[in-house]
Amino acid sequence: QSVLTQPPSVSAAPGQKVTISCSGSSSNIGIHYVSWYLQLPGTAPKLLIYDNNKRPSGIPDRFSGSKSGTSATLGITGLQTGDEADYYCGTWDNSVSAVIFGGGTQLTVL
Amino acid sequence: EVQLLESGGGLIQPGGSLRLSCAASGFIFSSFAMTWVRQAPGKGLEWVSGTSGSSDNTHYADSVKGRFTISRDNSKSALYLEMNTLRAEDTAVYYCAVATNWGISAPYFDYWGQGTLVTVSS
């Protein structure tokens, strides 16, 4: 199954900004919306961003999403220790007619 | 409040079968597509299967195609995953989730259950 490419880990200091990239291809990100999920240790994933850049109610505007070509980016500003989690991107892939996820990025707030 | 509660996980021998259930409440179940996503221990998310509200648009990951069957009973607000010919690599926490935009554009999963653990081992 196709997998979107994310960096395994990123880190930044409290209060700083971090970006997490998600690279795909013309059969997935290139033609479909991207969503992002946060997973705190030992809990179920939670929707952070949908349709590339929309935030569900309750998600603070510190979290933002963007897409350009076959890549998407999640941005988090004003980092807090509570943001330490795994972050996943996801979308649909036409070549396999399936939902695909990135491998996940572990965020460490130093 | 949307609630999703998975059940049916457990220890099963390779080659065996298991049926997972997901009890939904807090929304009009028949109006929403549903999906199963799994996560092997220490690994990332892997989408398994999804189905529309009326079960007329269903897809599977290649890794489970022909072995797993997704179904739903809208009268009971329940989603199921019938898993056959289980392998060690099917060991994972299985989550059910509400899938928005299914069949329209790239779906996203806005509500998740807490998951049920399936362990395939002899």
Side-chain angles (χ1 to χ4, degrees), chain A residues 1-9 20 22 24 27-59 65 67 72 85-106, chain B residues 1-6 9 22 27 32-52 57-66 68 70 89-90 92-117:
Chain A
Q1 208 81 27
S2 301
V3 176
L4 304 174
T5 302
Q6 298 180 233
S9 63
I20 298 173
C22 176
S27 65
N28 44 67
I29 292 180
I31 53 174
H32 288 297
Y33 288 128
V34 176
S35 53
W36 289 90
Y37 304 87
L38 167 156
Q39 187 176 34
L40 296 167
T43 68
K46 176 181 178 180
L47 179 67
L48 265 184
I49 297 288
Y50 66 97
D51 291 356
N52 299 337
N53 55 19
K54 297 182 174 67
R55 284 177 287 105
S57 61
I59 300 300
K67 189 184 98 167
D86 293 324
Y87 293 82
Y88 297 90
C89 57
T91 189
W92 183 263
D93 190 301
N94 277 9
S95 66
V96 291
S97 294
V99 172
I100 55 173
F101 287 107
T105 298
Q106 183 177 55
Chain B
E1 178 193 4
V2 172
Q3 291 194 339
L4 300 169
L5 185 62
E6 302 93 337
C22 172
F27 64 105
F32 289 87
M34 296 294 295
T35 193
W36 289 97
V37 176
R38 69 184 181 183
Q39 186 170 35
K43 302 297 183 181
L45 302 178
E46 181 188 14
W47 177 78
V48 174
S49 180
T51 189
S52 60
N57 183 357
T58 297
H59 292 278
Y60 297 91
D62 286 345
S63 58
V64 306
K65 203 171 292 184
F68 289 12
I70 190 172
E89 54 265 36
D90 295 319
V93 173
Y94 285 73
Y95 298 100
C96 69
V98 177
T100 300
N101 276 357
W102 186 264
I104 301 173
S105 62
Y108 57 89
F109 309 143
D110 34 6
Y111 298 97
W112 296 67
Q114 87 294 340
T116 186
L117 175 63

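Quick caveat: nothing in here was measured; it's all calculated off a predicted structure.
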Which atoms of A:Y88 come close to chain B, meaning under 4.5 Å heavy atom to heavy atom: side chain ones, backbone ones, both, or neither? side chain
B:T116 side chain near B:V93 side chain, heavy-atom distance below 4.5 Å: no
Highest number of heavy-atom pairs under 4.5 Å with chain B: which of A:G90, A:G103, A:P45? A:P45
Which of parallel (below 30°), tilted (30 to 60°) and perpendicular (above 60°) describes A:W92 and B:W47? perpendicular
Checking heavy atoms, do the side chain of B:F109, its backbone, both or neither come under 4.5 Å from chain A? both
Answer yes if the side chains of A:N94 and A:S27 hold a donor-acceptor pair under 3.5 Å, and no otherwise. no
Check whether any side-chain heavy atom of B:T100 sits under 4.5 Å from a side-chain heavy atom of A:Y50, and report yes or no. no
Whatever's closer than 4.5 Å to a heavy atom in chain A on B:V37 counts as side chain
